[in-house]
Amino acid sequence: VEDLKRDLALPPEKRNEGVSKRLLNVINLLTEAEKFQQTVHLRPELRKNADGREFNMQVLYFGLASAYAVNEDGTFALVGRPSADGWKFEERKDLAADIRKLIAATTGDQDAAFVNLPLPKP
């Protein structure tokens with residue numbers, strides 16, 4: 001991305017130089033986005049509730065489609081969706097127990113199971 005930004009800052013008469021290099025950079029960027037899209041990622045993150053209190057959370061990303069998060073003791077949960085400004089999370093404390101089951105199945109702490117969770121609203 002840095003290379004692309006730098007190339008866009010070039011004067012108009014030099015922008016045609018190195019087109020193949022810029023195209024390769026774009027292809028690499030799209031390849032990495034596609035890799036993320038095809039994988040489930042579990043990451044520890046700090047997230048805040050509506051009152052501004054921070055929680056250590058396990059966040060499970062299903063590519064670029066949706067995300068589910070729960071804190072360590074299962075009292076706070078979030079459902080996320082991507083947007084033009086980044087990921088947007090909505091508090092869903094009612095889903096905390098189910099999200100904990102999903103994360104436990106993902107990490108292998110419990111046997112695989114079907115967990116019904118709503119898809120985030122667009």
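All values below were derived from every heavy atom in this structure, side-chain atoms included, with hydrogens, water molecules and symmetry-related copies excluded. Numbering of residues begins at 1 and proceeds along the displayed sequence. Keep in mind that what you see is a predicted model, and the values were worked out from it rather than measured.
With hydrophobic clusters built from ILVMFWY side chains whose heavy atoms lie under 4.5 angstrom apart, Phe89 does not share a cluster with Val79. With hydrophobic clusters built from ILVMFWY side chains whose heavy atoms lie under 4.5 angstrom apart, Leu42 shares a cluster with Leu117. Leu119 and Leu78 fall into different hydrophobic clusters, where Ile, Leu, Val, Met, Phe, Trp and Tyr residues are linked whenever their side-chain heavy atoms come under 4.5 Å apart, directly or through other members. Using a 4.5 Å cut-off between side-chain heavy atoms of Ile, Leu, Val, Met, Phe, Trp and Tyr, with links allowed through other members, Trp87 and Met57 fall into the same hydrophobic cluster. A continuous path of hydrophobic side-chain contacts links Phe55 to Tyr61 [ILVMFWY only; heavy atoms under 4.5 Å].
Put simply, the side chain of Gln38 never gets that close to the backbone of Gly63: no donor and acceptor are under 3.5 Å apart. Not a single donor-acceptor pair under 3.5 Å links the side chain of Glu54 to the backbone N or O of Leu46. Side-chain N or O atoms of Thr39 include one that pairs as donor or acceptor with a backbone N or O of Lys35 at under 3.5 Å.
Counting all heavy atoms, side chain and backbone alike, Val70 lies closest to Ala96 at CG2-O, 3.7 Å. A pairwise comparison of heavy atoms in Ala105 and Ala112 identifies CB-CA, 4.3 Å as the closest pair. What you find for Ala65 and Pro82 is that their closest heavy atoms are O-CD, 3.5 Å. Gly74 approaches Arg100 most closely through the heavy-atom pair CA-CD, 3.5 Å.
Inspection of the Asp109 and Thr107 side chains reveals an N or O donor paired with an N or O acceptor under 3.5 Å.
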Quick one, Ser66 with Arg81, criterion side chain to side chain contact (heavy atoms under 4.5 Å, CB included). Give me CA distance, side-chain angles, the key distance, then yes/no. CA-CA 5 Å; Ser66 62; Arg81 64 178 174 77; 5.9 Å; no
- [ ] Applying side chain to side chain contact (heavy atoms under 4.5 Å, CB included), run through Ile103 and Ile99 and close with a yes or a no.
- [x] CA-CA 6 Å; Ile103 290 174; Ile99 295 172; 4.0 Å; yes
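Here NZ of Lys101 is found 14.0 Å from OG1 of Thr106. Values are rounded to the nearest 0.5 Å. Interatomic distance, CG of Leu102 versus CD of Gln58, reported as 11.5 Å (0.5 Å rounding). In this structure, the separation between CG on Leu95 and CG on Asn116 is 11.0 Å, given to the nearest 0.5 Å. Here CZ of Arg47 is found 12.5 Å from CG of Asn49. Values are rounded to the nearest 0.5 Å. With rounding to the nearest 0.5 angstrom, the NE2 atom of His41 is 4.0 Å from the CZ atom of Phe36.
Taking a cutoff of 4.0 Å between a charged side-chain nitrogen and a carboxylate oxygen, Asp94 and Arg92 qualify as a salt bridge.
Ring orientation note: the planes of Tyr68 and Phe62 are nearly perpendicular, at an angle over 60° on the 30°/60° scale.
In the displayed structure, Asp73 atom CG is contacted under 6.0 Å by more than 12 heavy atoms of other residues, nucleotides or ligands.
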